[in-house]
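Working notes for the structure below.
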Amino acid sequence: MLPLEGLLVIALEQAVAAPTCTLRLADAGARVIKIERAEGETARHYDKAVHGTSAYFAWLNRGKESIVLDIKAEDDRALLERMIARADVFVQNLAPGAAARLGLGSAELVARYPRLIAVDIAGYPQNTSYRSMRAYDMLVQAESGICAVTGTPDTPVKVGVSMADVMTGMNAHAAILEALIERTQTGRGKAIEITMFDAMADMMSVPLLHLEHAGKETPRTGLSHASIYPYGSVACSDGEIVIVVQNPGEWRRLCVGVLDRPDLVDDPRFSDNPKRVENRAALAAILSEVFGAMTRAQAIEVLGQNALAWSNVSTVADLSRHPALRRITVDTPGGAFEAVRSPVRGAQVKGGTVPALGADGDRIRQEFATTDQ
C-alpha cells in the first residue's frame with residue numbers, strides 16, 4: 001500500500017514544473033490524469049531521445065494517464081469539470097491568467113469544491129506587477145539573480161539543468177502534502193499559488209543577505225564556493241578534483257596532513273574562513289603547487305587519510321556508470337529504459353508506463369461520462 005493510493009489528481013500541465021510535482025504524487029500511489037491538447041503538451045516535442053519519446057517527457061510522466069481535451073469546447077469543458085468534481089487535487093501551469101479566464105483558477109475551484117486542493121503554478125506572484133510575465137526556466141534564473149552568482153568572473157551562466165522548474169515542482173509537491181494533512185484536520189481543501197520566482201528568490205537568500213546586511217556582492221567564482229575557501233576544484237597532475245574545508249579542524253588537518261605546512265594553521269592571512277576568502281589568490285597558489293605535484297589518486301588517498309572530503313569532477317558519462325547511481329526500469333510506447341530512481345521513494349514507487357498521447361482517453365471519458373461518483 002503506497003501512501004497516496006486512492007488519491008485522484010487532475011493535472012492540466014505542461015513542460016517541467018507541474019509534471020515534476022505530479023510525478024512525485026504518482027510515484028507515491030496517486031492516480032494522476034494528465035490533460036493534454038491535441039498536439040500533446042510542450043515537453044513531448046523537445047526531442048525523441050528515449051525510444052522516440054523526449055527525454056524530459058520520459059523523465060517526468062511515468063505512471064500517469066493521458067487524455068486529450070479541448071477545454072474551450074463545451075463538451076470537453078464539462079467533462080473536465082466532472083473530473084475535477086471527483087478529484088482530491090488539481091494542478092495547472094498554463095500561461096499567466098489562462099486558467100482563471102477558463103474558470104479554473106485555484107480560488108474559484110475551491111469555492112466550488114471545498115475539499116479540493118487546487119494549485120496554480122505560475123512564473124511570478126500574481127499580486128505583483130510581474131503577474132502576466134511569461135516564465136521559462138532560464139528566464140527566471142536570469143531574472144532572480146541566479147545567473148549573477150553562477151559562472152566565471154567574465155561570464156554569467158545559467159545552471160545546466162532546469163533548476164527553476166524543478167524547485168518549483170518540488171515546492172508544489174510539498175505544499176500539496178501539507179494541504180492534504182491540513183484537510184484531515186479541517187475537512188477543507190485549499191487554493192495554493194506556487195511560483196518559479198519565489199523558488200529562485202529563496203535559493204538566492206544567502207547572496208541577498210550578504211548584500212543587504214554586509215554590503216557585499218557575491219562574486220562568480222566558477223567551480224569554487226564564493227564565501228567558503230578552500231572549497232572548489234584543484235588541479236592535480238592528471239586532472240581535477242574538488243576539495244573542501246568548512247571548519248577549523250578541517251583547516252588544521254589540511255595544513256598539517258595534506259599540505260605539510262603546519263605554519264599555515266595560524267598564519268594571519270588564513271586563520272579563519274573570512275580571511276581565507278579575502279586572501280583566496282595567495283592560498284590558491286599554495287594549493288596549486290602542492291596538488292599539482294600529485295596525481296588524483298595520490299591526492300584522494302592523502303585527503304582520505306586526513307578525514308577530508310573530496311569529489312571527482314564527473315562528466316555525464318561518468319554519472320551513467322557511477323557506482324552510487326540507482327535505477328528503475330520504465331516503459332515508454334517505444335520501449336523500456338533505465339531511469340534514475342526516485343530520490344524520495346527509491347524503488348518503492350507505483351511505476352507504470354510513460355503514456356502515449358491520449359492513451360487513456362476512451363476509458364476516462366466513459367468513467368466520467370456522468371456526475372455519479
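In what follows, residues are counted from 1 in the order of the sequence shown.
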Just wondering, more than 12 heavy atoms not from [X] lying within 6.0 Å of its [atom1]?
X	atom1	answer
Met138	CE	no
Phe337	CZ	yes
Glu212	CD	yes
Gln305	CD	yes
Arg131	CZ	yes
Asp263	CG	yes
Arg252	CZ	no
Asp260	CG	no

Using a 4.5 Å cut-off on heavy atoms from C-beta on, say whether the side chain of [Y] contacts that of [X].
X	Y	result
Asp266	Ser271	no
Asp76	Leu80	no
Thr152	Arg220	no
Val68	Leu357	yes

If every non-hydrogen atom of [X] is compared with every non-hydrogen atom of [Y], which pair is closest and at what distance?
X	Y	result
Asn93	Pro19	ND2-CD, 4.4 Å
Ala15	Ala43	O-CB, 3.8 Å
Val302	Gly257	CG2-O, 3.5 Å
Ser54	Asp47	CA-OD1, 3.0 Å
Ala175	Ile194	CB-CD1, 4.0 Å
Ile10	Ala87	CG1-CB, 3.7 Å

Residues in salt bridge (charged side-chain N to carboxylate O under 4.0 Å, His left out) with [X], at least two apart?
X	answer
Glu193	none
Arg37	Glu39
Asp70	none
Arg296	none

Using a strict threshold of under 4.0 Å (side-chain N to carboxylate O), is an ion pair present between [Y] and [X]?
X	Y	value
Asp88	Arg183	yes
Arg276	Asp267	no
Glu13	Lys64	yes
Arg62	Asp27	yes
Glu367	Arg31	yes

>> Using side-chain contact (heavy atoms from CB on, under 4.5 Å), reason through Ile241 and Cys236 one step at a time and then give a plain yes or no.
In response: CA-CA 7 Å; Ile241 61 171; Cys236 300; 4.2 Å; yes
> According to the salt bridge (Lys or Arg N to Asp or Glu O under 4.0 Å) rule, which pairs have a member within residues 149-177, sequence neighbours left out?
Replying inline: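 Checked against salt bridge (Lys or Arg N to Asp or Glu O under 4.0 Å) - neighbours excluded - no pair reaches residues 149-177.
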Identify whether [X] and [Y] are in the same connected component of the hydrophobic contact network (ILVMFWY, side-chain heavy atoms under 4.5 Å).
X	Y	answer
Ile300	Val242	no
Leu23	Met167	yes
Ile121	Leu94	no
Leu139	Val157	no
Val161	Met204	yes

> Passes side-chain contact (heavy atoms from CB on, under 4.5 Å), Ile71 versus Leu12? Steps please.
Replying inline: CA-CA 10 Å; Ile71 59 175; Leu12 187 55; 3.8 Å; yes
>> Show, in sequence, the C-alpha distance, side-chain angles and deciding distance for Arg112 and Ile84, and conclude whether the side-chain contact (heavy atoms from CB on, under 4.5 Å) test is met.
In response: CA-CA 10 Å; Arg112 291 205 298 275; Ile84 295 171; 5.8 Å; no
> Side chains of Lys34 and Thr22: do they bring a donor and an acceptor to under 3.5 Å?
Replying inline: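 There is no such pair between these side chains.
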Any donor and acceptor pair, going by atom type alone, linking the side chain of [X] with main-chain N or O of [Y] inside 3.5 Å?
X	Y	result
Asn273	Ser227	yes
Asn306	Leu308	no
Glu5	Leu2	yes

>> With ring pair (Phe, Tyr, Trp, His ring centres under 6.0 Å) as the rule and sequence neighbours excluded, what pairs involving residues 56-101 come up?
In response: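 The answer is Tyr46-Tyr56.
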> ring pair (Phe, Tyr, Trp, His ring centres under 6.0 Å): which pairs involve residues 94-127, sequence neighbours left out?
Replying inline: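 For residues 94-127, and leaving out neighbouring residues, the ring pair (Phe, Tyr, Trp, His ring centres under 6.0 Å) pairs sorted by first residue read Tyr124-Tyr130, Tyr124-Phe197.
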Which residues pass the side-chain contact (heavy atoms from CB on, under 4.5 Å) test with [X], sequence neighbours left out?
X	value
Val290	Leu259, Met294
Ala164	Asp137, Val140, Gln141, Met196, Met200
Val344	Arg24, Ser342

> Val340: which other cluster members, linking ILVMFWY side chains closer than 4.5 Å, directly or transitively?
Replying inline: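 Answer for Val340: Leu319, Leu325.
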Do any side-chain atoms of residues 277-289 form donor-acceptor pairs under 3.5 angstrom with protein atoms, and if so which ones, sequence neighbours left out?
from   : atom 1 : to     : atom 2 : distance (Å)
Asn279 : ND2    : Arg269 : O      : 3.0
Asn279 : ND2    : Lys275 : O      : 3.0
Arg280 : NH1    : Ser224 : OG     : 2.9
Arg280 : NH1    : His225 : O      : 3.3
Arg280 : NH2    : His225 : O      : 2.9
Arg280 : NH2    : Ala226 : O      : 3.2

>> One pair to check against side-chain contact (heavy atoms from CB on, under 4.5 Å): Ile35 and Ile67. What are the steps and the verdict?
In response: CA-CA 5 Å; Ile35 312 299; Ile67 181 173; 3.6 Å; yes
